[in-house]
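Here the structure comes first, spelled out in structure tokens, and everything after it is commentary.
From a predicted model like this one, the values you see are computed outputs, not experimental measurements. A note on names: the letters A, B, ... follow the listed sequences, proteins ahead of strands, and every chain is numbered from 1.
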Number of protein chains: 2
Amino acid sequence: MRLVVTRCTVDYSGRLEAHLPEAVRLLMVKADGCVAVHADGGAYKPLNWMNAPNVLVDDPDRWVVTNSKGERLEITLLEVLSDTTYDLGDDPGLTKDGVEAHLQQLLAEHPDALADGLQLVRREYPTDIGPVDLLCRDGEGSYIAVEVKRRGEIDGVEQLRRYMDRLDRDPLLRPVRGIFAAQRVKPQARVLAADRGIRWIEVDYDLLRGRQSDELRLF
Amino acid sequence: MRLVVTRCTVDYSGRLEAHLPEAVRLLMVKADGCVAVHADGGAYKPLNWMNAPNVLVDDPDRWVVTNSKGERLEITLLEVLSDTTYDLGDDPGLTKDGVEAHLQQLLAEHPDALADGLQLVRREYPTDIGPVDLLCRDGEGSYIAVEVKRRGEIDGVEQLRRYMDRLDRDPLLRPVRGIFAAQRVKPQARVLAADRGIRWIEVDYDLLRGRQSDELRLF
DNA sequence: GACTCTATCTCGGTA
DNA sequence: TACCGAGGTAGAGTC
């Protein structure tokens with residue numbers, strides 16, 4: 001990784017046009033070739049950047065980064081305050097826990113957390129507009145489509161409604177009802193769900209996970 | 001801006017749980033207080049981060065960053081290879097051109113690029129669920145709601161449909177039709193628009209801009 | 001503060 | 001490669 005602190009101006013042309021007037025900034029060049037221009041604020045996002053793969057021509061007073069999509073980043077270096085390179089080596093990478101896939105898995109294992117007597121038919125049940133997160137049946141054998149989100153917002157309700165429309169055209173499944181499950185369901189999403197005749201449920205992730213470990217404890 | 005190159009492990013706990021095993025990485029602390037952990041790849045995005053405002057306790061061998069939402073970033077420094085601080089000063093900031101606002105402005109000036117005889121009633125026409133990008137009338141005086149996107153995807157079509165629902169309840173406007181305009185309309189969005197009785201149009205940004213400069217040339 | 005929508009979104013998966 | 005969906009989305013604007 002190469003780090004250059006420099007007084008510079010920057011022009012980007014590609015998906016939009018952008019210009020940065022003269023100031024001192026940090027240029028970061030990573031081993032994969034991506035270039036980022038950082039100011040001393042604005043969170044972690046750089047002011048300008050160019051992802052790999054690209055071609056960097058780094059003359060002492062001007063860097064030009066181009067890629068095959070016709071994007072172009074031009075940095076004019078007026079004064080270089082520091083220019084250092086480090087060998088960081090490969091990164092073993094990140095492990096995550098608590099995202100939507102995990103929530104879906106937990107609910108697939110405990111569909112009764114959504115409604116009494118609910119049983120899983122299958123995860124990722126396919127339709128011609130994409131897979132439904134969970135397809136279940138209730139105690140009376142009626143089909144219920146479940147959409148799982150970490151954050152329940154309007155888009156998710158619309159998505160579920162589109163799936164229900166599709167499934168409901170299948171005489172073997174009809175009538176299909178829906179449950180919208182999320183850790184938190186936003187007020188607007190609640191209203192829209194009610195309007196569409198869809199039940200919504202806020203799921204307690206820690207409780208679900210706890211329930212799982214309770215079961216594990218039995219063995 | 002403080003830049004620390006260090007062999008470290010990282011743990012984040014908050015909106016999810018994440019762990020980074022031991023490796024050499026760059027820690028970036030900006031003047032606004034945000035902390036980012038960068039590896040030597042993966043584009044401009046850091047592996048882990050904590051935005052401002054937060055509290056950083058930076059002991060020599062362990063940094064703990066916490067915020068008021070209960071998020072916590074813990075960095076264990078096993079070996080510090082470099083620790084430098086630069087005064088970058090304020091950044092004058094970025095000027096952009098070519099984003100959605102610009103496209104909307106151009107279409108407001110040239111509604112006939114969307115359909116022959118179309119005339120603008122007003123931009124950002126208010127409804128009780130938010131403003132419609134453009135409200136127009138066609139040659140016969142019928143109202144047409146226009147949603148403008150840079151990238152036309154499913155969400156945008158649903159958004160337009162919600163606006164149309166609202167506008168259509170107004171007896172002074174009814175019946176209201178819709179046009180979905182974007183630089184590129186994705187296949188799924190095309191299908192959904194057709195399904196909802198909405199016309200979609202791909203707009204050539206450069207052409208529109210060119211048309212504008214043609215007009216300017218007349219003066 | 002909550003909610004809205006944009007973004008050079010980024011990133012990963014898949015066909 | 002393009003398309004599609006998720007994101008610790010971030011960030012700006014509005015109410």
Side-chain angles (χ1 to χ4, degrees), chain A residues 10-18 34-37 41-52 54 65 67-73 93-94 96-104 124 129-131 133 147-151 153-156 159 182-184 186-189 191, chain B residues 11-18 32 34 36-37 41-52 67-73 94 96-104 124 126 128-131 133 147-156 158-159 162 182-192:
Chain A
V10 184
D11 286 278
Y12 165 78
S13 165
R15 285 177 275 188
L16 53 63
E17 311 287 321
C34 72
V35 180
V37 181
Y44 70 67
K45 197 173 184 178
L47 294 163
N48 282 108
W49 66 90
M50 193 80 119
N51 283 350
N54 62 45
V65 196
N67 71 11
S68 58
K69 290 174 220 146
E71 294 176 279
R72 176 191 173 87
L73 183 68
L94 186 67
K96 289 186 181 180
D97 175 30
V99 291
E100 180 187 319
H102 206 143
L103 191 58
Q104 190 198 114
E124 304 288 351
I129 56 167
D133 285 343
E147 178 66 32
V148 180
K149 292 282 179 207
R150 226 167 39 78
R151 310 158 72 153
E153 300 179 19
I154 273 185
D155 292 353
Q159 194 180 340
Q183 286 181 273
R184 166 116 180 72
K186 295 284 181 73
Q188 275 213 348
V191 172
Chain B
D11 285 278
Y12 164 79
S13 164
R15 284 178 272 188
L16 54 64
E17 312 286 322
D32 64 1
C34 72
V37 182
Y44 72 68
K45 198 170 184 181
L47 294 164
N48 280 107
W49 67 93
M50 193 78 120
N51 283 348
N67 70 11
S68 58
K69 290 175 221 146
E71 294 176 277
R72 177 191 172 88
L73 183 68
L94 186 68
K96 291 185 181 182
D97 175 30
V99 289
E100 178 186 318
H102 210 123
L103 191 58
Q104 189 198 115
E124 302 290 352
D128 53 3
I129 55 167
D133 286 342
E147 178 66 31
V148 180
K149 292 282 181 210
R150 225 167 41 79
R151 307 157 67 139
E153 302 182 18
I154 269 186
D155 292 353
E158 297 284 23
Q159 194 181 341
R162 289 197 295 272
Q183 286 181 274
R184 167 112 182 75
V185 179
K186 295 289 181 70
Q188 275 210 349
R190 297 180 184 195
V191 172
L192 187 66

Rounded off to whole Å, could you give me the [atom1]-to-[atom2] distance for the [X] and [N] pair?
X         : N       : atom1 : atom2 : value
Glu100(B) : dA12(D) : CD    : P     : 17 Å
Leu94(B)  : dA10(D) : CG    : P     : 19 Å
Ile154(A) : dT6(C)  : CD1   : C1'   : 16 Å
Gln104(B) : dG13(D) : CD    : P     : 15 Å
Arg162(B) : dC3(C)  : CZ    : P     : 15 Å
Leu103(B) : dC5(C)  : CG    : P     : 18 Å
Lys149(A) : dG7(D)  : NZ    : P     : 8 Å
Asp133(A) : dC4(D)  : CG    : C1'   : 14 Å

| message | So if I take every side-chain heavy atom of Trp49(B) and compare against dA10(D), dC11(C), dC3(D), which nucleotide ends up nearest? | response |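 Among the listed nucleotides, the one closest to the side chain of Trp49(B) is dA10(D).
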| message | Taking the minimum atom-to-atom distance to the side chain of Lys45(A), which one of dC11(C), dA6(D), dG11(D) wins? | response |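 So the nucleotide nearest the side chain must be dG11(D).
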Please classify the nucleic acid contact of [X] as base, sugar-phosphate, or nothing, using heavy-atom distances under 4.0 Å.
X         : result
Asp155(B) : nothing
Gln188(B) : sugar-phosphate
Arg72(A)  : nothing

| message | Between Glu153(A) and Met50(A), which residue's closest nucleotide on DNA chain C lies nearer the 5′ terminus? | response |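 Looking at the nearest nucleotide for each, Glu153(A) comes out on the 5' side.
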| field | Distance between C1' atoms of dA10(D) and dA6(D) (Å, rounded) | value |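 Nearest-Å result for dA10(D) against dA6(D) at atom C1': 14 Å.
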| task | Pick the C1' atom in dT8(C) and in dT14(D), then give their distance to the nearest Å. | result |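 Comparing C1' positions in dT8(C) and dT14(D) gives a spacing of 25 Å.
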Looking at [X] and [Y], what are the two nearest heavy atoms and their distance?
X         : Y         : result
Leu73(A)  : Met50(A)  : N-CE, 3.7 Å
Ala189(A) : Glu153(A) : CB-C, 3.6 Å
Val148(A) : Asp133(A) : N-OD2, 2.8 Å
Tyr44(B)  : Cys34(A)  : N-SG, 4.3 Å

| Given DNA chain D, 5'-ward residue of the pair Glu147(A) and Asn51(B), judged by closest heavy atom |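 Mapping each residue to its closest nucleotide by heavy atoms, the 5'-most match is Glu147(A).
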| query | On DNA chain D, nearest-nucleotide positions of Leu47(B) versus Lys69(A): which is more 5'? | reply |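 Looking at DNA chain D, the more 5' nearest nucleotide goes with Lys69(A).
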| field | dG8(D) - base-pair partner by Watson-Crick or wobble geometry, distances under 3.5 Å | value |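 Looking at the geometry, dG8(D) pairs with no nucleotide.
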| said: Donor-acceptor check, side chain of Asp32(B) to backbone of Ala43(A), threshold 3.5 angstrom: yes or no? | reply: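 Indeed, once roles are kept as given, a pair shorter than 3.5 Å links the two residues.
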| Can a side chain N or O of Arg151(B) be found less than 4.0 Å away from OP1 or OP2 on dC3(D)? |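 False: Arg151(B) side-chain N/O out of range (4.0 Å or more) of dC3(D) OP1/OP2.
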| query | Given dC4(D), is OP1 or OP2 found less than 4.0 Å from the side-chain N or O atoms of Lys186(B)? | reply |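 The answer is no; no side-chain N or O of Lys186(B) sits under 4.0 Å from OP1 or OP2.
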| request: Determine whether any donor atom in the side chain of Asn48(B) lies under 3.5 Å from an acceptor atom in the base of dG8(D), or the reverse, and answer yes or no. | output: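 When only heavy-atom distances are counted, Asn48(B) does reach the base of dG8(D) through a donor-acceptor pair under 3.5 Å.
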| Do we count Tyr12(A) as stacking onto dT8(C) if the rule is ring centres under 5.5 Å and planes under 30°? |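 Yes.
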| Identified side chain to side chain donor-acceptor pair (under 3.5 Å) partner of Tyr12(A) from the options Arg72(A), Glu17(A), Glu71(A) |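 Option passing the side chain to side chain donor-acceptor pair (under 3.5 Å) with Tyr12(A): Glu71(A).
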